[in-house]
Amino acid sequence: MSRNTPLPPSFESLIEHIDYLKRRIQSLETGPAQKAVQDRTDDALRQSEARFHQLTEHLRDVFFLSAPDRLRFFYVSPSYESVWDSRAADLYSNPAAWLTAVAPEDRAIVEQALQRSRFSGCHDVEYRLTLKNGTVRWLRDRAYPVRHANGTIQYIASLIEDITQRKHDAQQIAALRAQLQQGQPLEVAPPIASPWHDPVKDTAIAEHKVIDEVNQRLNLLNRISTQSWSGQKPHEILEQVVAMLRSFYGNCTVDLSLLSLAAGPQELLPATATLEVLTDPATSKELFSQPCIDIPDLHAGTYHPVLQRCATRHDAGALYGQTFAYAEGQVGLLMLLAKAGHVFSAPDRDTLRDVVAYLTLLLRDARHANERDQALAALRRSDSILRAIFDTLPGYIWFKDAEDRIQMANRLFSETGPLDPTVDPVGKTTSELWPPERAKIYRERDEEVLRTRQPLKYEESCTVQGITRWAEILRVPTLSADGELLGIIGYAHDISEHKQYLALVERARDELEQRVAQRTAELEAANDDLESFSYSVSHDLRAPLRAIDGFTRILQEEYGRQLNNDARNYLHKVTEAAARMNQLIDNLLSLSHMSLRDLRKSRFNLSALAREVMDSIISQATPRPHTIEIAPDLHAQGDPALMRVVLENVLGNAWKFSWQRNHIHISVGRADSLPGRPFFVLDNGAGFDMTYAGKLFKPFQRLHGVNEFEGNGIGLATVQRIISRHGGRVWAESAVDEGTTVYFVLPENNAVGGEPQPPTE
């Protein structure tokens with residue numbers, strides 16, 4: 001029997017139904033997310049299996065479902081007992097029992113047919129049975145394979161038809177022809193009794209038309225199951241299934257509604273579907289509490305608005321529907337609608353349930369395929385981005401598996417790596433990429449990374465064509481989510497320029513240290529010269545001054561009476577000049593000592609120190625109306641002895657340059673509103689032109705004549721030297737005849753906050 005040999009409609013239906021049941025069982029999932037769908041599908045499966053048994057139990061022909069060698073039976077129809085005059089249960093326990101009734105002269109033919117069906121799955125053979133009571137029956141035995149998904153034979157489905165009557169009729173026709181040819185009277189033999197002649201069963205089959213109805217239903221399901229749904233979206237599947245149902249149900253209308261449980265943007269829906277938005281959870285629960293909706297007369301009462309609108313749209317009075325999961329947040333309602341008073345038959349309900357059960361699986365697979373396609377598209381986009389980054393990074397990047405083979409390399413590695421640019425490094429081992437000595441070193445480092453599962457970072461140099469290049473290399477172990485060691489990611493970055501820069505920095509540092517040492521030596525020599533100069537000033541220059549002053553005084557004392565007034569006046573001026581010169585030498589020595597003296601910083605009370613200095617100045621001066629304002633609790637960080645010198649010079653200048661005022665006014669405080677919160681000394685004295693402010697803190701620079709105010713221009717230079725040694729700064733603001741304000745900032749002045757700390761005297 002060839003694979004294209006036509007089969008009886010009932011037998012084709014059985015085979016299709018078996019395939020359909022097998023595919024449905026294989027497609028079911030047991031995950032929590034599919035439980036509701038599976039429960040409903042299982043129910044439909046049980047009902048379908050019950051209908052399958054109903055069909056086979058009413059078949060006149062014997063149906064076997066067996067292993068390819070028919071030595072193991074999975075199903076035997078009840079009609080076997082009528083044909084073989086034996087119990088079907090005996091066949092399960094003794095699979096060869098059916099062969100004992102085969103006529104001995106036909107047994108070889110049967111065994112050959114079975115041998116063929118073991119390989120092809122098909123056979124078509126006629127043979128005789130000899131029953132226990134001696135009755136002989138002719139049978140036609142046809143087999144059809146049921147295959148696995150991989151094409152191998154899983155079962156053999158056999159349909160065995162009793163052809164005894166047909167054989168008898170053929171013999172009678174031949175005998176009648178012979179009688180007619182010989183002119184003999186016709187003698188017709190009585191018909192052979194059929195083991196299936198059961199009026200009750202024949203009546204049931206006639207009434208329910210089980211086989212025809214099941215055939216139609218299985219043909220529809222077979223069309224759905226054999227349709228190629230790959231690559232189709234859920235709404236495309238819905239459109240085609242609804243079209244199939246509309247061609248199947250000729251006596252009623254098929255309608256589809258997709259119900260959204262919340263308002264919002266929806267997926268593009270098929271033209272056959274009506275979108276209803278259900279925002280009331282109670283209303284949604286009412287409609288979907290039962291998967292089957294059977295309303296014989298919609299206009300007899302009040303029903304869900306969705307059902308009422310569907311009935312109005314199609315002018316229908318009766319409805320039967322099945323709900324199914326369409327998408328997240330959406331439920332489908334597939335309905336049969338008919339005129340009022342129509343009763344939907346059991347096959348109508350069964351078919352819709354089977355279609356919805358299979359449709360649920362198709363939609364689930366389509367959603368999963370769509371999600372998989374989206375994930376793959378996102379993965380491809382991500383891979384493209386990562387590959388672009390991978391190829392753009394400045395450096396050699398590679399991935400090597402645990403077997404020491406390059407699985408991936410970036411563009412720079414492929415184009416300028418150890419191999420010729422035309423040779424792909426992927427698939428190559430370390431020994432194939434590098435010379436033996438270097439390959440040995442790299443393998444040892446890779447083994448260390450694989451053994452310790454820790455990154456390894458190091459630097460190495462390589463000399464090619466006389467040029468030495470440096471690289472920083474990082475080798476990182478790569479692990480899977482479950483901790484399996486996959487391989488090593490390597491990254492090599494050229495740091496030759498950085499190495500050159502470090503070498504330059506090192507050389508510059510050495511040169512700087514040499515310069516610092518040289519400068520230190522020069523400064524030490526300068527200090528020695530300064531000390532020598534100070535010694536010379538204090539001894540060698542003072543000696544002539546003392547001689548001038550001494551001889552001048554002798555002339556005044558011994559010969560003063562002999563000199564006229566002009567001569568005596570000249571001698572007096574010489575004496576004053578010598579005194580000023582001596583004072584100038586003292587000031588120069590003091591200024592030089594300020595640069596050499598070590599700082600002894602501590603926290604002190606600037607207010608108290610200013611008060612002491614001001615009291616000393618006032619006590620040594622001619623009494624004069626004055627107002628002295630010193631802000632309390634001014635604290636500073638510095639050398640108290642040197643800061644006394646600062647205040648003596650600044651306050652002394654303030655008193656001196658205010659002497660011509662009728663009332664002297666001097667203030668000491670802190671300018672909190674200015675950056676750094678500087679200390680200040682303010683007076684109402686003569687002031688000066690700010691054009692010449694740059695000369696103010698330089699030695700021997702005077703902004704007023706000697707005849708106006710005494711002094712030698714060393715005081716403010718000393719102040720500037722002391723403040724600079726503290727790391728601060730000093731400046732002055734003034735206007736002619738409007739007084740002067742001298743500001744100075746000491747380090748950490750702006751860090752002082754809160755309650756003042758007690759001074760260290």
Side-chain angles (χ1 to χ4, degrees), residues 1 5 7-8 10-15 17-18 21-22 49-50 52-148 152-168 192-198 200-201 211:
M1 176 180 175
T5 302
L7 298 174
S10 60
F11 187 50
E12 290 181 349
S13 300
L14 288 171
I15 299 302
H17 198 66
I18 291 170
L21 293 176
K22 184 181 67 172
E49 289 174 345
F52 167 73
H53 285 291
Q54 180 185 14
L55 170 66
T56 55
E57 288 173 3
H58 287 83
L59 279 176
R60 299 183 185 185
D61 300 335
V62 179
F63 177 69
F64 287 160
L65 187 62
S66 66
D69 56 3
R70 203 179 279 185
L71 294 179
R72 182 184 178 192
F73 288 89
F74 303 103
Y75 180 77
V76 179
S77 64
S79 55
Y80 170 80
E81 297 184 354
S82 301
V83 175
W84 259 264
D85 193 20
S86 300
R87 294 196 323 149
D90 296 338
L91 197 57
Y92 290 109
S93 58
N94 182 15
W98 68 281
L99 280 170
T100 59
V102 176
E105 57 270 28
D106 295 338
R107 190 165 297 178
I109 299 174
V110 173
E111 291 177 351
Q112 292 175 4
L114 292 178
Q115 188 67 22
R116 289 195 303 271
S117 64
R118 292 185 62 181
F119 300 100
S120 65
C122 303
H123 68 248
D124 188 354
V125 62
E126 295 180 358
Y127 54 86
R128 288 164 290 183
L129 289 183
T130 302
L131 303 183
K132 298 175 182 177
N133 58 6
T135 303
V136 176
R137 289 180 181 157
W138 276 93
L139 303 179
R140 183 183 179 185
D141 189 338
R142 288 173 289 175
Y144 182 81
V146 180
R147 299 181 181 274
H148 286 286
T152 60
I153 299 176
Q154 184 177 11
Y155 308 116
I156 295 292
S158 302
L159 190 67
I160 303 172
E161 179 185 4
D162 189 329
I163 58 173
T164 305
Q165 184 65 49
R166 190 169 64 199
K167 288 286 188 180
H168 177 269
I192 300 175
S194 172
W196 297 282
H197 182 63
D198 187 337
V200 177
K201 289 187 178 180
I211 295 178

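Predicted, not measured: the structure shown is a model, and the values here were computed from it. Atom set for the values below is all heavy atoms of this structure, side chains included, hydrogens, waters and symmetry mates excluded.
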Determine whether a donor-acceptor pair (N or O, by modelled atom type, separation under 3.5 Å) exists between the side chain of [X] and the backbone of [Y].
X	Y	value
W84	W98	yes
E81	A88	yes
R116	C122	no
D106	R128	yes
R137	V83	yes

Taking all non-hydrogen atoms of both residues, which atom of [X] and which atom of [Y] are closest, and how far apart?
X	Y	result
I160	Y127	CD1-OH, 4.2 Å
T130	A103	OG1-CB, 4.0 Å
H123	S117	ND1-CB, 3.2 Å
A157	F63	CB-CE1, 4.0 Å
D124	R140	OD2-NH2, 2.6 Å

Is the closest side-chain heavy-atom distance between [X] and [Y] below 4.5 Å?
X	Y	value
L139	D141	no
K167	E126	yes
L129	V136	no
D90	Y80	no

- Crowding at CZ, R72 (>12 non-hydrogen neighbours, <6.0 Å):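 No, the 6.0 Å shell around CZ holds no more than 12 heavy atoms from other groups.
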- With a 6.0 Å cut-off on ring centres, are F73 and F64 close enough?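 Under 6.0 Å, so yes.
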